[in-house]
2 protein chains.
Amino acid sequence: MPDTRRSWKEVRDRIHQKILSGQVRPGDKLPRDADIAAEMNCARTTVQRAMQDLADSGLVERRRKGGTHVRRDPVTRATLDIPITRNEVEQKGNTYGYQLIGRETLAPPHSVQAAFGQNLPGPMLHVQALHLADARPYILEDRWICLQTAPEILDVDLSETSANEWLVMNKPYDDLTLRFYAEKADEKRATLLGTDPGDALLVIERTTWISGAPITTVKSSTEPGYQLISRS
Amino acid sequence: MPDTRRSWKEVRDRIHQKILSGQVRPGDKLPRDADIAAEMNCARTTVQRAMQDLADSGLVERRRKGGTHVRRDPVTRATLDIPITRNEVEQKGNTYGYQLIGRETLAPPHSVQAAFGQNLPGPMLHVQALHLADARPYILEDRWICLQTAPEILDVDLSETSANEWLVMNKPYDDLTLRFYAEKADEKRATLLGTDPGDALLVIERTTWISGAPITTVKSSTEPGYQLISRS
DNA sequence: ATCAATATTAAGTAACTACATATTATGTCA
DNA sequence: TGACATAATATGTAGTTACTTAATATTGAT
């Protein structure tokens, strides 16, 4: 085998290597795609793919005309998968349970409006529900659903189907913000989650939009000890 | 303009639309790339790119021969950028400060060994340091560095340069695990972070490897109120 | 010298082609 | 019938060409 063609992954790894072995330093400009292609004896498209990947993972920055530069503020870029809670529970081998706690149509409080920024969401459905793993409280969700964008939710029997699942299956979103933080369990949440007030809870806030219009925002308080782990 | 060529993003969005408008349901098989290309009047490469993107974002699954299927357990896939702490602080317009608390060569405790799995890391440097924003405690890091993989760290003046920065700049990794959870501040951490014991802290654990060899593992306890926010 | 029009550059996108690879289906021989 | 080879199939990867787009540099007119 004289000189097997190198895949874009090889090209990527070579450049990756160069960057972090110090041959090329943060802020440095890399050669043009075409030159790298010539040097590595491959097509520009291959270099393009490699560079795209490096750019996606936060290692380099590319600008038309400007060329490709090694980022001077390298970031750790990680991907998280947040599954539907039912699947998450069943994946772990536990039995999934669901319990509706409250449901009411209401004008959203200011904190919820803030989550949506400019676009005022109008009247919303406020749903509180508990997800269970083997009958133990797992995640407590406090959700607001925009009735302008998702009026069909009013016809859904939320004591049967969780809003979580219904929305994921029926209301596609094209924009999403996630927010993670730690919070002390207050009296009410502690009771519902079967833990003690003051316990540290990981909270996940998720807000979704479809073409600019708000769909839903959820504040999920997880059971004590819950961990989020990045994809490899 | 009769029929402008459609980009791979248009193709992606059209399919995305189909999937979540219910025209195609979770588990369903999508037509072959070639057929979609014909239908949409574009090249297969364009469909390929579109499909790749949908697969990357967790919406569909592709298998050679098997074809493309809509995932039956859709996940919310989010990307997080975790910058170097100095940059994070300065980005917010605060002054960055750094303070070394402790430094010692030590055999790692079992919990640290566990983070690395099988590969035993050997002797390690244990470093504790505090990152400050406007002279207020921001992140407390408790780090273990593998001396086999990164012996040069012993020559670094860690009272000047943070291990965080030195490692990011000098020790490339090719594998990384992140873990997020909430934890109550214990007495010691509360003091260092200038808060009260029992406060809920968001903890970020990061472990890195290079070609299978452990580099470092950090447990970063963030100031109360700290939030992680996903990239758009 | 200033500003605007124009050219140049380097990445971005897309078409078409060809072959690779993984997987499934089929067929043949013992 | 069962094991194994073979064919068919759909995605994956790579090359080549051509054109687009955004950013920069140059030119030229005032």
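Here the structure is a predicted model, which means the values were calculated and not measured.
- As a whole-Å value, the separation of A:Arg64 CZ from C:dT8 C1' is 15 Å.
- When the nucleotides C:dG12, D:dG15, D:dT11 are ranked by their closest atom to the side chain of A:Cys42, D:dG15 comes out on top.
- The neighbour count for A:Gln17 CD, taken as heavy atoms of other residues, nucleotides or ligands under 6.0 Å away, does not exceed 12.
- A salt bridge links A:Arg62 with A:Asp33: at least one charged nitrogen is closer than 4.0 Å to a carboxylate oxygen.
- Open room surrounds CD on B:Gln91; 12 or fewer heavy atoms of other groups in view lie less than 6.0 Å from it.
- Straight-line distance from the CD atom of B:Glu61 to the C1' atom of C:dA22: 16 Å, rounded to whole Å.
- Separating the CZ atom of B:Arg62 from the C1' atom of C:dT23 is a distance of 15 Å, rounded to the nearest angstrom.
- Spacing between atom NE2 of B:His69 and atom C1' of C:dT24 amounts to 12 Å, rounded to whole angstrom units.
- Proximity of A:Gln48 to the phosphate of C:dG12: a side-chain N or O atom is located under 4.0 Å from OP1 or OP2.
- Picking from D:dT13, D:dA10, D:dT24 the nucleotide with the shortest atom distance to the side chain of B:Gln52 gives D:dT13.
- Closest to the A:Thr68 side chain, of the nucleotides C:dA11, D:dG12, D:dA10, is C:dA11.
- The CZ atom of B:Arg86 sits 12.5 Å away from atom CG of A:Asp73, with the distance rounded to the nearest 0.5 Å.
- A straight line from CE of B:Met40 to P of C:dA15 spans 12 Å, rounded to a whole angstrom.
- At whole-Å resolution of the value, CZ in A:Arg63 and P in C:dT8 are 22 Å apart.
- Here B:Gly66 lies out of heavy-atom contact (under 4.0 Å) with every strand.
- Nearest to the side-chain atoms of A:Thr46 among the listed nucleotides D:dG15, C:dA11, C:dC16 stands D:dG15.
- Ranking D:dT11, D:dT16, D:dA8 by closeness to the B:Lys65 side chain, first place goes to D:dA8.
- Atom CZ of A:Arg49 and atom P of C:dG12 are 13 Å apart (whole Å).
- Taking 4.5 Å as the limit, every side-chain heavy atom of B:Glu10 sits out of range of all side-chain heavy atoms of B:Met40.
- The separation between A:Asn41 atom CG and D:dG15 atom P is 8 Å, rounded to whole Å.
- Within 4.0 Å of A:Arg44, counting heavy atoms only, lies at least one base atom of the nucleic acid.
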